[in-house]
Amino acid sequence: FSSFSPLPSPFPLLPGSVMGMVLMGLPLVVWVVEHANRRCGSKARGDLACTMAKCDATTTHLVWECGGAVICTEPGDYCFLTIPAVSGTARHPFSICSQPGSNKLEFRIKNMGNDTFTGKLYQHVQQEANQHPEDFKIAVTGPYGRLSVNLRNEKYDTVVLVAGGIGVTPMMSTLHWLYDMKQTNQKLTHVKKVVFIWTVRFEKELNWCTDIVAKISSAPMVFSTDFYVTRPDGDRARGTTEGGIEMTNVSFNQVAPANNDWVEHIDESTQKPYYHNTVTDETVWCVPFFAVVFFFVFFFVFFFVFFLCCW
């Protein structure tokens, strides 16, 4: 071991204590630069006045008008939001669901719990901002991001958009963009068909896309929709607004997740049977069967192959 020589240090002229200070200071410098860019960068927009703030059973719907300035967003973009009324330091990314290229920023944010940022935002809008949305200020950084697929590529003649629940927000801006591009024939002549597939738990959640669905319904030769509701209509009464669902030419399918121990009930509003699971507290339109069979078949095949390999 007498011939062993240590590797050269990346900081040969710095004592150990100074080297440690440099290494510890680098993350702080990065944070300061990032914070300054968030406040003063080209994508930073501060103190935007809210023009609409309201809540439904599970989401917060926020709209900000940006005056005469056009927000140059691409489909699927997102922004970082800082809301001083909720937290002056927290910054969270949310997908833009408004029309790209407009002077409006629109977000739909799901309440993820009372102790979370989205839950505190939901409570604040319910209690205060809903009454005076013009006093509700935010700081916006962005937009950022882009779709992983280039829809302008001429090799795509069919576009299929699939979403579940609140994951529909980037699809909303994408549908706006596709519709506008098709109407103006801007480099999307190769796209012949757009299919929008969306799964939600409750029928009331279809209200989130009322505007865009009504918009694309005017072009049925290009756009088609396929909606799936996994919970019966009877649960619509939980915290929903009055009026029900009003959408143009919209139909949906009712499907069910898998489980067992079901009790049949009759929905008072539709007189349709539905089933409630007394163990998992799930509510579905029909008792699932194939998922259970698939589970046992998969379980059997897995262990059969496992024992063959061990043999």
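Quick note: residue numbers are just sequence positions, from 1.
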Would you check, one step at a time, whether the test side chain to side chain contact (heavy atoms under 4.5 Å, CB included) holds for Ile96 with Leu105?
CA-CA 7 Å; Ile96 302 171; Leu105 278 176; 3.9 Å; yes
Side chain to side chain contact (heavy atoms under 4.5 Å, CB included) evaluation trace for Leu81 with His92:
CA-CA 5 Å; Leu81 303 186; His92 295 271; 5.9 Å; no
For a side chain to side chain contact (heavy atoms under 4.5 Å, CB included) check, start with the C-alpha distance between Asn114 and Gln123, then their side-chain angles and the critical distance, and finish with the verdict.
CA-CA 8 Å; Asn114 293 334; Gln123 295 171 11; 3.1 Å; yes
Report the C-alpha distance between Thr58 and Phe202 in whole Å, list the side-chain angles of each, state the deciding distance to 0.1 Å, and finish with yes or no for side chain to side chain contact (heavy atoms under 4.5 Å, CB included).
CA-CA 11 Å; Thr58 57; Phe202 305 110; over 6 Å; no
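Here the options are Asp77, Val194, Leu151, the test is side chain to side chain contact (heavy atoms under 4.5 Å, CB included), and the partner is Thr174; only Leu151 passes.
Note: the hydrophobic cluster containing Met181 does not contain Met221 (ILVMFWY, side chain heavy atoms under 4.5 Å, direct or indirect links).
Ile138 and Trp64 get closest at one heavy-atom pair: CG2-CZ2, 3.1 Å. When all heavy atoms are compared, the tightest approach of Lys193 to Pro220 is NZ-O, 4.0 Å. Across His176 and Lys215, no two heavy atoms sit closer than the pair ND1-NZ, 3.1 Å. Nearest heavy atoms, Lys182 versus Val191: NZ-O, 2.6 Å. The shortest non-hydrogen separation linking Cys79 to Phe107 is CB-CZ, 4.0 Å. Across every non-hydrogen atom of Lys137 and Ile83, the tightest pair is O-CG2, 4.1 Å.
Judged as a side-chain contact (heavy atoms from CB on, under 4.5 Å), and not counting sequence neighbours, the contacts of Ser218 are Tyr179. With sequence neighbours excluded, the residues that form a side-chain contact (heavy atoms from CB on, under 4.5 Å) with Val200 are Trp198, Glu205, Leu206, Val229.
Annotation: side chain of His190 is not in contact with side chain of Lys155 (no heavy-atom distance under 4.5 Å). No side-chain heavy atom of Lys204 sits less than 4.5 Å from a side-chain heavy atom of Asp56. Put simply, the side chain of Leu188 reaches to within 4.5 Å of the side chain of Trp177, judged on heavy atoms. You'll find the side chain of Phe94 stays beyond 4.5 Å of the side chain of Leu62, heavy atoms only. Between Met52 and His61 there is a side-chain heavy-atom pair separated by less than 4.5 Å.
Between atom CD1 of residue Ile212 and atom CG of residue Leu175 there is a gap of 5.0 Å, rounded to the nearest 0.5 Å. Atom CD of Gln99 is separated from atom CG of Asp180 by 4.0 Å, given to the nearest 0.5 angstrom. To the nearest 0.5 angstrom, Phe117 atom CZ is 7.5 Å from Thr82 atom OG1. Going from atom CE of Met172 over to atom SG of Cys97 covers 4.0 Å, rounded to the nearest 0.5 Å. Atom CG of Leu121 sits about 7.0 Å away from atom SG of Cys55, to the nearest 0.5 Å.
Between the side chain of Thr118 and the backbone N or O of Met112 there is at least one donor-acceptor pair closer than 3.5 Å. In this structure, Thr51 contributes its side chain and Val63 its backbone to a donor-acceptor pair below 3.5 Å. For Ser173 (side chain) and Gly76 (main-chain N/O), a donor-acceptor pair under 3.5 Å exists by modelled atom type.
Summarising the local packing, CG of Asn150 is surrounded by more than 12 heavy atoms from other residues, nucleotides or ligands at distances under 6.0 Å.
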Check: residues 156-171 side-chain donor-acceptor pairs under 3.5 Å, at least two apart:
unit_1 : atom_1 : unit_2 : atom_2 : d
Thr169 : OG1    : Ile166 : O      : 3.3

